[in-house]
There are 2 protein chains.
Amino acid sequence: MTDTTTYTEAEERIFEAALQAFARKGKDGARMQEIADAAQINKAMLHYYFRSKDKLYAAVFAYVFQRFFAGIGAAVEEAESFEAVLRTFITGYIDFLKDHQDVVRLMVNENLSGGEAVVQQVSTLKSADGNPVRALITRIAQATKTGEIRPVDPFQTALTVLSSCIFFFIVYPTMREMNPGVARDRDGFLEERKAHLIDLLVHGLHPRS
Amino acid sequence: MTDTTTYTEAEERIFEAALQAFARKGKDGARMQEIADAAQINKAMLHYYFRSKDKLYAAVFAYVFQRFFAGIGAAVEEAESFEAVLRTFITGYIDFLKDHQDVVRLMVNENLSGGEAVVQQVSTLKSADGNPVRALITRIAQATKTGEIRPVDPFQTALTVLSSCIFFFIVYPTMREMNPGVARDRDGFLEERKAHLIDLLVHGLHPRS
DNA sequence: GAAAGTGTCAACCATCTGGTTAATCGTTAC
DNA sequence: GTAACGATTAACCAGATGGTTGACACTTTC
């Protein structure tokens, strides 16, 4: 799970179950019994492995935070043109989000309830030079300097790109309800979304006009 | 609160406190005692006025849902050019979100936990012809037909606009932590954000190129 | 083969949580 | 004045919840 830690089978199941529970109901809303049931173990085992709910949540959130930014990092590939960067980023990141929806949910949930757990995690990113968001911002800034794209605010632009990719996964239940077509062919919709975002952003950032 | 209902002072305080609590911790995470304390009343009064936690949540969420879409509706003004529509929408909607952050939070929280409460509320929008999101989509579709903007997918475009406006408020704690400058001058940042989004979208949707 | 370490479990406990109740207070009605 | 009524409260309750415990396997180690 975390890069430096190895987990047993049981721990893995607990971790997975906890991630899902915390993602859906938040730290307070999730129940230890419910997590134990989902992991198919006795409730006492939760405490045997993770001491307390706080510790379990901390472990899960640390994992989620790292994965979330790793996902961004993996999507910011080196590429010749900025358009290629944009294209691979949007494609790669949406695919990542599709495969890690609980990661997004828990990340958002933590933010909604104040984001205290975020504080410690952010420092890990800073100390390691690899803050993927900053890498993305830097790449945008560079492209504005070379004139490859219009002179936009790199920070705002990065935020817009991330917003446009992530938001759909947050409000999916509402969208499903308002436009059942989206639910009927989710993957198709996401492919459309990739194409739309690439198209819109390429045009929006294209120099001159 | 809701257009058809009148509330007493006490009910108003309860409602406000409940909105805040539910927005931050979700339906399960929020505590009735905590809501009562915040509303400065005896816990029994919660049940006196709202019967049960479920009923209270339902009332609050109904309000939130209506406000959320009313906020979108208010921002979709009639305007001559599509650029003017875009400009007033982004400006108006970000201002709305700034003033109703708990509305956004609860809306998101409900989505994270499955969005069961959304189902009933969506039907209220459908029956009334005023579904503001659909109005926005229609306006975009119209602009593509007149050639005022490029032939983009109206639905995807509307989603992108909404994403870009709302997302910031969802992940604010993380942003604050990663870039303290944002927190230092939040209002300034939001003004920048309006300008950035208008600029990016106007260019991204501008015909030809 | 016994000691030691690692899992596993049912039962248990103190506390918390949503919800109820019965008594009381303040105002209005007659 | 008192009956009636809504508002308000402290005390209470049953069930849920996070967490603990002591007994019991199973395996390893020497």
Side-chain angles (χ1 to χ4, degrees), chain A residues 1-2 4-64 106 109-110 112-114 116-117, chain B residues 1 5-64 106 109-110 112-114 116-117:
Chain A
M1 304 261 130
T2 321
T4 52
T5 322
T6 318
Y7 283 90
T8 68
E9 252 185 70
E11 283 170 306
E12 199 110 18
R13 284 208 311 278
I14 294 174
F15 205 92
E16 200 60 40
L19 171 54
Q20 214 172 98
F22 285 137
R24 276 164 178 66
K25 309 203 175 174
K27 181 183 166 181
D28 290 333
R31 302 295 160 206
M32 292 298 265
Q33 186 64 59
E34 160 191 32
I35 293 172
D37 291 347
Q40 298 173 53
I41 53 155
N42 191 285
K43 181 162 68 91
M45 297 304 288
L46 286 190
H47 296 87
Y48 179 73
Y49 286 119
F50 291 92
R51 297 280 302 169
S52 70
K53 195 184 190 184
D54 280 331
K55 293 257 173 60
L56 175 58
Y57 181 79
V60 171
F61 183 74
Y63 164 78
V64 159
L106 181 47
N109 230 321
E110 173 60 28
L112 288 182
S113 43
E116 288 175 44
Chain B
M1 304 258 131
T5 322
T6 318
Y7 283 89
T8 68
E9 251 184 70
E11 282 171 307
E12 200 108 18
R13 284 207 311 279
I14 294 174
F15 205 92
E16 200 61 39
L19 171 53
Q20 215 173 97
F22 285 137
R24 276 164 179 65
K25 309 202 175 176
K27 181 183 165 181
D28 291 333
R31 304 292 159 210
M32 293 297 264
Q33 185 63 59
E34 159 191 33
I35 294 172
D37 292 346
Q40 300 173 53
I41 53 152
N42 190 288
K43 181 163 68 90
M45 296 304 287
L46 287 191
H47 296 86
Y48 179 72
Y49 284 119
F50 290 92
R51 297 279 301 168
S52 70
K53 195 184 189 183
D54 280 330
K55 293 258 173 58
L56 175 58
Y57 181 80
V60 171
F61 183 74
Y63 164 78
V64 159
L106 181 48
N109 230 322
E110 173 61 27
L112 287 183
S113 45
E116 287 175 44

Inset, instruction - Side-chain contact test, heavy atoms from C-beta onward, threshold under 4.5 Å: evaluate it for A/Met32 versus A/His47 and give yes or no. - result: yes

Legend entry - B/Ile14 CD1 - D/dA7 P separation (whole Å): 11 Å

Legend entry - Side-chain heavy atoms of B/Arg24 within contact of A/Leu112, under 4.5 Å: no

Legend entry - Along DNA chain D (nearest heavy atom to each residue), the more 5'-positioned of B/Met45 and A/Asp54: B/Met45

Legend entry - Pair A/Asp54 + A/Lys27, salt bridge at N-O below 4.0 Å: yes

Legend entry - A/Tyr57 vs A/Phe50 side-chain heavy atoms within contact, under 4.5 Å: no

Legend entry - A/Asp28 with B/Arg31: basic N within carboxylate O range, under 4.0 Å: no

Inset, instruction - Using atom NZ of B/Lys25 as one end and atom C1' of C/dT17 as the other, report the distance to the nearest whole Å. - result: 14 Å

Legend entry - side-chain N/O B/Tyr49 vs D/dT8 OP1/OP2, d < 4.0 Å: yes

Protein-nucleotides 14-18 of chain D N/O pairs under 3.5 Å:
unit_1, atom_1, unit_2, atom_2, d
D/dT17, OP1, A/Arg31, NE, 3.3
D/dG18, OP1, A/Ala30, O, 3.4
D/dG18, OP1, A/Lys53, NZ, 3.0
D/dG18, OP2, A/Met32, N, 3.0
D/dG18, N7, A/Lys43, NZ, 3.3

Inset, instruction - Let me know the distance between CG of A/Leu46 and P of D/dT21, rounded to the nearest Å. - result: 17 Å

Legend entry - Spacing between A/Phe50 atom CZ and C/dG7 atom C1', to the nearest angstrom: 15 Å

Legend entry - Min side-chain heavy-atom separation B/Ile14-B/Tyr49 under 4.5 Å: yes

Legend entry - Gap between atoms OH and C1', on B/Tyr48 and C/dA22 respectively (whole Å): 15 Å

Inset, instruction - Give the rounded distance in Å between these two atoms: CG of B/Asn42 and P of D/dA10. - result: 6 Å

Legend entry - Nearest-Å distance for atom pair OH/C1', residues B/Tyr57 and C/dG18: 17 Å

Inset, instruction - Would you kindly give the NZ-to-C1' distance between B/Lys55 and C/dG19, to the nearest whole Å? - result: 13 Å

